[in-house]
Every structure is written in C-alpha cells, then in structure tokens.
Amino acid sequence: MTVLLALLAASPALTAPVMAQAPDQRRGDQMKALQARKQGRILPMPEIEKRVLPQMEGAQYLGFDFDASAAIYTMKFLRNGTVIWVEVDARSGQIVGRTDR
C-alpha cells in the first residue's frame with residue numbers, strides 16, 4: 001500500500017482518468033451502467049473480472065471505472081510499481097486496449 005501511495009503522490013496524472021470525473025458524473029455513469037446491465041446491453045463487472053483477471057498474472061487489481069457513453073470498463077492494475085490500464089468493451093468483454101503493450 002505504501003508503494004501505491006508513493007506512486008500516486010509522485011504521479012497524479014496516473015489517476016486522472018479515474019478521478020477526473022465529478023462525483024455527480026460518476027454517480028450518473030454508475031446508474032447508466034446499472035440500467036444497461038439490467039437491460040442486458042452490457043456484461044456485469046464480475047463477468048468482466050472473470051475474463052480479464054486471469055490475463056493479468058502478477059498484477060494487483062485496484063478497481064475500475066465505467067464510461068457509459070463508450071460502454072468501456074477501464075480496469076486499473078499495479079505490477080512492479082507500474083500502473084496498467086486495461087480497457088474492456090462492456091458489451092463483449094473483449095480487451096480493447098492495454099497500457100503495458
């Protein structure tokens with residue numbers, strides 16, 4: 001945890017995609033995600049995690065954010081002091097981008 005805090009303090013830009021949203025916007029995205037999930041338009045986060053986490057061997061999973069307009073989950077990992085962002089299509093569960101490749 002100390003390494004993570006030091007990393008975040010030293011590099012605030014690393015957290016910008018997750019923290020850039022205002023609380024009301026994040027709440028709105030959460031509600032849109034819930035509605036889309038209930039309508040079957042996107043996969044639930046536990047299903048996304050089941051697909052992605054095995055591919056991130058040796059990385060600590062830190063959490064996710066959801067972009068309702070793009071239907072993209074952005075998952076955040078930490079491996080050997082490096083933050084890794086993984087973008088996942090919420091409809092298909094397919095990884096569409098990674099910062100470690």
Side-chain angles (χ1 to χ4, degrees):
M1 187 66 157
T2 304
V3 172
L4 175 59
L5 293 175
L7 177 64
L8 293 177
S11 303
L14 294 174
T15 61
V18 171
M19 299 175 77
Q21 295 178 328
D24 288 342
Q25 182 181 354
R26 292 190 83 185
R27 193 172 308 111
D29 277 352
Q30 290 170 352
M31 294 307 295
K32 288 177 185 176
L34 178 61
Q35 186 176 40
R37 167 62 189 107
K38 286 181 177 180
Q39 294 171 351
R41 292 185 286 123
I42 66 171
L43 295 169
M45 194 59 204
E47 178 64 27
I48 299 290
E49 291 169 340
K50 188 170 89 174
R51 294 175 184 207
V52 175
L53 293 179
Q55 298 180 50
M56 299 302 296
E57 188 174 318
Q60 178 184 2
Y61 178 45
L62 301 176
F64 71 95
D65 193 22
F66 179 69
D67 180 344
S69 62
I72 296 287
Y73 286 110
T74 301
M75 302 173 75
K76 184 178 179 182
F77 296 87
L78 183 65
R79 181 188 296 135
N80 299 326
T82 301
V83 175
I84 303 166
W85 300 97
V86 178
E87 293 182 333
V88 182
D89 184 309
R91 296 169 291 246
S92 68
Q94 296 297 309
I95 293 175
V96 296
R98 284 176 68 157
T99 60
D100 66 333
R101 293 196 173 164

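Quick note: residue numbers are just sequence positions, from 1. Being a predicted model, the structure only gives us computed values, none of them experimental.
Val86 and Leu53 fall within a single hydrophobic cluster, where Ile, Leu, Val, Met, Phe, Trp and Tyr are joined by side-chain heavy atoms under 4.5 Å apart, directly or via other members. Ile95 and Ile84 fall within the same hydrophobic cluster, where Ile, Leu, Val, Met, Phe, Trp and Tyr residues are linked whenever their side-chain heavy atoms come under 4.5 Å apart, directly or through other members.
For residues 34-63, the ring pair (Phe, Tyr, Trp, His ring centres under 6.0 Å) pairs, not counting sequence neighbours, are Tyr61-Phe77. Pairs of residues two or more places apart, or lying in two chains, never qualify as ring pair (Phe, Tyr, Trp, His ring centres under 6.0 Å) while including a residue from residues 28-55. Note on residues 44-62: pairs passing salt bridge (Lys or Arg N to Asp or Glu O under 4.0 Å), not counting sequence neighbours, are Glu47-Lys50, Glu47-Arg51.
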Pairs of donor and acceptor atoms involving the side chains of residues 31-39, under 3.5 Å and at least two apart or interchain, shall be tabulated with distances.
residue : atom : partner : partner atom : Å
Gln39   : OE1  : Arg41   : NE           : 2.7
Gln39   : OE1  : Arg41   : NH2          : 2.8

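Here Arg91 contributes atom CZ and Ile72 contributes atom CD1; the two are 6.5 Å apart, rounded to the nearest 0.5 Å. Note that the CG atom of Asp65 and the OG1 atom of Thr74 stand 6.0 Å from one another [nearest 0.5 Å]. With rounding to the nearest 0.5 angstrom, the CD atom of Gln55 is 10.0 Å from the CE atom of Met75. Atom CD1 of Ile42 is separated from atom OG of Ser92 by 11.5 Å, given to the nearest 0.5 angstrom. In this structure, Asp100 CG and Trp85 CH2 are separated by 13.0 Å, a value rounded to the nearest 0.5 Å.
Scanning all heavy atoms of the two residues, the minimum distance from Tyr73 to Pro44 falls at OH-C, 4.3 Å. Looking at every heavy atom in both residues, Ile48 comes nearest to Asp89 through CD1-O, 4.2 Å. Pairing each heavy atom of Leu62 with each of Leu78, the nearest pair is CD1-CB, 3.9 Å.
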